[in-house]
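First the structure, in the form of structure tokens, and then the observations on it.
Read the numbers this way: they start at 1 and go in the same order the structure lists the ligands and their atoms. These numbers were taken from a predicted model, which means no experiment stands behind them.
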Amino acid sequence: MAKIEGQIERRGLMLVLSSPSGAGKTTISRMLLEDDDNISLSVSVTTRPMRPGEVDGVDYFFIDPDEFGLMLNRQELLEHAKVFNHYYGTPKGAVEEALSGGKDVLFDIDWQGEQQLKQAALTDLASVFILPPSTEELARRLQNRASDPPDVVAARMAKAPDEISHWPEYDYIIVNYDIDDSVAKVRAILAAERLKRERQVGLTAFVKRLREWR
Ligand code: 5GP
């Protein structure tokens, strides 16, 4: 359980961020994590090749398909999905450890993962879907990601309408016109979600102490 306001115990929260590839979700996640010590990123495993600049164990755990199969068989993944011909999955252990240590956990996963997490629901889950301001802007952002070859960019663009169709399955929707503004919105969602009455499990004891004071 985490302490907030210095005294009230609260339950950890699972915050899911999803978007079509290139809408800015990974940048938003990084900025959110930078200045909030109470939330940590769930680092997924993936069978996709590492992009330049990515760090094994930080961006993903890069593993081969055999290893992925083993993790799946050993039931070490909370959820998994095939995205763009590669496998992705959320390792169970790290998430359970963070939540039991009272930390919130951020998931940068797709809609398939969000649906499975909702079912696995170790604790409460809040979900945010990020939309690009326009198709042109999405294409521009994907093309600017120099690390991806043109066929990968084209495949991601082709899949965008399908991914976007899942927006109604999310609690909050943000159109990413401006990255700083979008990060501020995600921070506001997180702040409000943390204040939900049912998550502040220490409130009864706290209010009891307040009322006992004369
Ligand atoms: P990328 O290859 O661009 O890093 O990620 C491709 C897509 O896979 C993104 O939409 C990302 O959110 C999603 N993804 C990354 N990790 C996971 C995971 O562990 N589970 C699921 N379901 N999706 C993931």
Side-chain angles (χ1 to χ4, degrees), residues 14-33 40-65 67-72 74-96 98 105-122 125-132 138-167 169-170 172-174 176 182 186:
M14 293 161 75
L15 182 70
V16 175
L17 282 191
S18 299
S19 74
S21 195
K25 163 193 52 174
T26 305
T27 313
I28 292 171
S29 309
R30 275 197 207 117
M31 290 170 74
L32 183 74
L33 292 161
S40 63
L41 180 70
S42 160
V43 180
S44 298
V45 291
T46 184
T47 59
R48 95 151 151 70
M50 203 188 289
R51 292 194 189 119
E54 284 185 326
V55 179
D56 190 22
V58 175
D59 299 287
Y60 284 101
F61 293 104
F62 294 92
I63 62 175
D64 60 40
E67 242 178 296
F68 192 92
L70 278 177
M71 290 187 82
L72 208 52
R74 289 195 220 110
Q75 302 189 335
E76 289 171 5
L77 300 177
L78 259 184
E79 62 75 36
H80 69 281
K82 192 176 185 186
V83 189
F84 306 119
N85 292 325
H86 297 293
Y87 291 97
Y88 295 81
T90 300
K92 224 183 245 178
V95 174
E96 283 171 348
V105 182
L106 179 68
F107 299 85
D108 172 339
I109 59 176
D110 81 337
W111 62 272
Q112 305 175 76
E114 191 257 358
Q115 289 190 347
Q116 293 171 55
L117 277 195
K118 253 192 210 157
Q119 276 162 19
L122 298 176
L125 184 144
S127 60
V128 184
F129 198 81
I130 317 273
L131 287 170
L138 187 68
R140 200 185 60 76
R141 288 182 193 170
L142 280 174
Q143 278 150 9
N144 282 352
R145 195 148 73 183
S147 51
D148 284 334
D151 58 323
V152 171
V153 171
R156 287 176 182 241
M157 257 331 269
K159 197 136 186 262
D162 189 36
E163 286 172 17
I164 286 172
S165 73
H166 290 279
W167 69 270
E169 294 150 27
Y170 287 74
Y172 300 92
I173 311 295
I174 296 175
N176 185 19
S182 299
V186 178

TODO: Report the part of Arg48 (side chain from C-beta onward, or backbone N, CA, C, O) that has a heavy atom under 4.0 Å from ligand 1; answer both or neither where that applies.
DONE: side chain
- [ ] Please report which non-hydrogen protein atom sits nearest to atom 3 (O) of ligand 1, along with the residue it belongs to and the distance in Å to one decimal place.
- [x] Arg156 NH1, 2.7 Å
Open item on the list: For ligand 1, which is the ligand I care about here, please tell me if Arg51 has any N or O atom under 3.5 Å from one of the ligand's N or O atoms.
Closed with: yes
Open item on the list: Give me the nearest non-hydrogen protein atom to atom 5 (O) of ligand 1 as residue plus atom name, then the distance to 0.1 Å.
Closed with: Tyr60 OH, 3.3 Å
- [ ] Evaluate the ring planes of Trp111 and His166, with Trp represented by its six-membered ring, and classify them as parallel (under 30°), tilted (30 to 60°) or perpendicular (over 60°).
- [x] parallel
Open item on the list: Is it the case that ligand 1 has an N or O less than 3.5 angstrom from some N or O of Phe84?
Closed with: no
TODO: Distance to 0.1 Å, residue and atom name: give those for the protein heavy atom nearest to atom 6 (C) of ligand 1.
DONE: Tyr88 OH, 3.6 Å
TODO: Could you check Lys159, Arg141, Arg156 and say which one makes a side chain to side chain donor-acceptor pair (under 3.5 Å) with Ser21?
DONE: Arg156
Open item on the list: Enumerate the side chain to side chain donor-acceptor pair (under 3.5 Å) contacts for residues 22-32, please, sequence neighbours excluded, ordered by first and then second residue.
Closed with: Lys25-Asp108, Thr26-Asp108
Open item on the list: For ligand 1, which is the ligand I care about here, please tell me if His80 has any N or O atom under 3.5 Å from one of the ligand's N or O atoms.
Closed with: no
- [ ] Give the residue, atom name and distance (to 0.1 Å) of the protein heavy atom nearest atom 20 (N) of ligand 1.
- [x] Glu79 OE2, 2.7 Å
Task: Protein heavy atom at shortest distance from atom 19 (O) of ligand 1 - done: Ser44 OG, 2.6 Å
- [ ] Just jot down the side-chain contact (heavy atoms from CB on, under 4.5 Å) partners of Ala126, sequence neighbours excluded, or say none.
- [x] Leu13, Leu15, Asp171, Glu193
TODO: Could you pull out, from Leu142, Ile109, Asp110, the option with a heavy atom nearest to atom 22 (N) of ligand 1?
DONE: Asp110
TODO: Report the nearest protein non-hydrogen atom to atom 7 (C) of ligand 1: residue, atom name, distance rounded to 0.1 Å.
DONE: Val83 CG1, 3.8 Å
TODO: Could you find the nearest protein heavy atom to atom 9 (C) of ligand 1 and give me its residue, atom name and distance?
DONE: Lys25 NZ, 3.3 Å
